[in-house]
Amino acid sequence: MEAVQPPPPLFAFGVIADIQYADAEDGYDFSGCRRRYYRQSLQLLRDAVEAWAAERPPLAFVLQLGDSIDGLNARRGEAEGALAQVLAALERLQVPVHHAWGNHEFYNFSRARLAHTGLNSRPDGAMAGPTAGDCQAYHFSPAVRFRVVVLDAYDLSILGRESDSPRYQESLQLLREKNPNDNLNSPAGLKEPQFVEFNGGFSQAQLDWFNEILKFSDENQEKVIVMGHLPIHPDASDRVSLAWNYEDALSVIHSHQSVVCFLAGHQHDGGYCLDSHGIHHLTLEGVIETPPESNAFGTVYVYEDKMVLKGRGRISERVMRFWRQ
């Protein structure tokens, strides 16, 4: 009697976060404690691409969760070259790659410049984000009754914006209200330690737009996967690495039935929780702090009732069932 074969996934996609490539010797984070493998991160990306290319059936797309190149490149005048190498590695896959924008993108490029690089991944035919301002948010449908929403976690931020712009002024005022420290990158003594310069948040216009997308998905019985650079649940991150107004984003998600998963980077140790509303919050381990003999990427296989993460290296394998049917 032949064994019954499990059904194939509806689609599969790759996930990777915090590559932070720079053509530089190994270094350490701001605390001086955590080693960063700047040059090796590009080889780990190439290894990930090689593994993804061998997937059968082929991947539908890849989600690159932000911080593709390191801020070191800006100081060395090498931002354009470093980005070109990262994008060239990803382009070998010949599938769409959707990019979140993180703080290291903004250390290297202005928001206006990023919109004219390969990191502007809004595909032709994708539904654009809010028309107000220059928010880099969009959504697309990879399969029937599934939708992916790309959020802009630095829509509110002082990074990457001209200092005389209204959004910069709004963001600076909020940051100074929440963080009285001389060094705005320091969370010392803060009641809300996520209010540091290297984080950002979601404008009200983006949250309103997001709410409308989820309303549409509820009405059409879709399952929604959301991605952004910054985590939005404190049980899937340390408190410092969260989006400024993560509670507002959670409130939008929890007021709908459609979201099944939120994917983020930024916190290099990674994290995971299943929240009280049945939503999986997965924060991916960062490539930049992954030693050369390991790696940090995954493939997600999507079924009608679950997502299965096949992690490589530092990323664990995980079955994420859809509790909201």
Side-chain angles (χ1 to χ4, degrees), residues 15 17-18 20 28-36 65-67 70-71 100-107 151-159 170-204 206-207 210 226-255 259 261-290 296 314-316 318 320:
V15 286
D18 298 271
Q20 288 183 222
Y28 290 87
D29 70 343
F30 58 88
S31 70
C33 300
R34 302 169 65 101
R35 190 164 185 171
R36 294 189 167 175
L65 297 169
D67 284 3
D70 196 87
W101 290 359
N103 48 310
H104 281 266
E105 273 79 26
F106 293 118
Y107 297 153
L151 291 183
D152 184 345
Y154 288 82
D155 190 14
L156 285 181
S157 173
I158 63 173
L159 301 178
E170 174 191 358
S171 302
L172 181 61
Q173 182 179 348
L174 174 61
L175 184 56
R176 289 201 181 281
E177 283 173 3
K178 299 287 189 175
N179 187 340
N181 295 327
D182 290 338
N183 178 5
L184 288 173
N185 272 321
S186 171
L190 302 186
K191 291 181 180 177
E192 298 171 280
Q194 75 271 21
F195 279 97
V196 286
E197 184 176 333
F198 57 78
N199 291 339
F202 310 100
S203 68
Q204 190 58 52
Q206 184 177 182
L207 292 171
F210 187 33
V226 186
M227 71 172 270
H229 184 61
L230 298 177
I232 63 166
H233 200 292
D235 291 342
S237 172
D238 62 39
R239 293 287 308 283
V240 176
S241 300
L242 294 163
W244 286 351
N245 55 341
Y246 70 90
E247 291 169 309
D248 293 338
L250 274 178
S251 179
V252 171
I253 288 173
H254 289 165
S255 66
V259 176
C261 183
F262 190 98
L263 295 163
H266 195 54
Q267 214 290 76
H268 297 169
D269 285 337
Y272 169 80
C273 77
L274 176 66
D275 77 15
S276 59
H277 288 68
I279 296 160
H280 300 276
H281 294 264
L282 180 64
T283 305
L284 260 69
E285 288 80 355
V287 173
I288 183 62
E289 292 184 13
T290 301
R314 295 172 63 213
I315 295 177
S316 301
R318 193 176 299 279
M320 297 175 281

A side-chain contact here means heavy atoms from C-beta on lying under 4.5 Å apart; do Asp155 and Phe202 qualify? no
Point-to-point distance, once rounded to the nearest 0.5 Å, from CZ of Phe195 to CG of Leu174: 5.0 Å
Under 30°, 30 to 60°, or over 60°: which ring-plane class applies to His266 and His229, parallel, tilted or perpendicular? perpendicular
Please check this pair: side chain of Trp101 against backbone of Leu65, looking for a donor-acceptor N/O pair closer than 3.5 Å. no
Taking Asp152's backbone N and O only, do any of them form a donor-acceptor pair with Gln206's side chain (distance below 3.5 Å, no angle check)? yes
Going by heavy atoms in the side chains, are His233 and Ile279 under 4.5 Å from each other? no
Between atom CG of Leu282 and atom CE of Met320, what is the distance when rounded to the nearest 0.5 Å? 5.5 Å
Taking the side chain as every heavy atom from C-beta outward, state whether Leu207 and Asn245 have any pair of such atoms under 4.5 Å apart. yes
So which heavy atom on Ile158 is nearest to which on Leu175, and how close? CD1-CD2, 4.0 Å
If only atom types and distance count, is the side chain of Asn181 paired as donor or acceptor with the main-chain N or O of Asn183 below 3.5 Å? no
Stepwise side-chain contact (heavy atoms from CB on, under 4.5 Å) check, Asp235 with His281: CA-CA 8 Å; Asp235 291 342; His281 294 264; over 6 Å; no
Quick check: closest heavy atoms across Trp244 and Leu156, and the distance to 0.1 Å? CZ3-O, 3.7 Å
How long is the gap from CZ on Arg239 to CD on Glu192, to the nearest 0.5 Å? 8.0 Å
On a heavy-atom basis, which atom in Pro193 and which in Pro187 lie closest, and how many Å separate them? O-CB, 3.6 Å
Does any non-hydrogen side-chain atom of Arg176 lie less than 4.5 Å from one of Leu184? yes
Without swapping roles, check the side chain of Tyr246 against the backbone of Gly201 for a donor-acceptor pair under 3.5 Å. no
Do Arg34 and Asp269 sit within salt-bridge range, that is, some charged N less than 4.0 Å from a carboxylate O? yes
Side-chain touch His104/Ile288, heavy atoms, less than 4.5 angstrom: no
Do Leu250 and Asp275 make a side-chain contact, defined as non-hydrogen atoms from C-beta onward lying under 4.5 Å apart? yes
Option among Val259, Leu263, Ile232 that satisfies the side-chain contact (heavy atoms from CB on, under 4.5 Å) test with Val226: Val259
Kindly indicate, with the supporting measurements, whether the criterion side-chain contact (heavy atoms from CB on, under 4.5 Å) is fulfilled by Phe210 and Asp248. CA-CA 11 Å; Phe210 187 33; Asp248 293 338; over 6 Å; no
Measure the spacing between CG of Leu151 and CD1 of Ile253 and express it to the nearest 0.5 Å. 7.0 Å
For Asp18 and Gly265, indicate whether the former's side chain and the latter's backbone hold a donor-acceptor pair under 3.5 Å. no
Of all heavy-atom pairs linking Leu230 and Phe262, the shortest is O-CE2, 3.6 Å
Residues Ser186 and Asn179: closest non-hydrogen pair is O-ND2, 3.2 Å
Taking the side chain as every heavy atom from C-beta outward, state whether Arg36 and His268 have any atom pair closer than 4.5 Å. yes
Compare all side-chain heavy atoms of Asp67 with those of Glu105 and state whether any distance is below 4.5 angstrom. yes
If you compare all heavy atoms of Ser157 against all heavy atoms of Ser171, which two are closest, and at what distance to 0.1 Å? N-OG, 2.9 Å
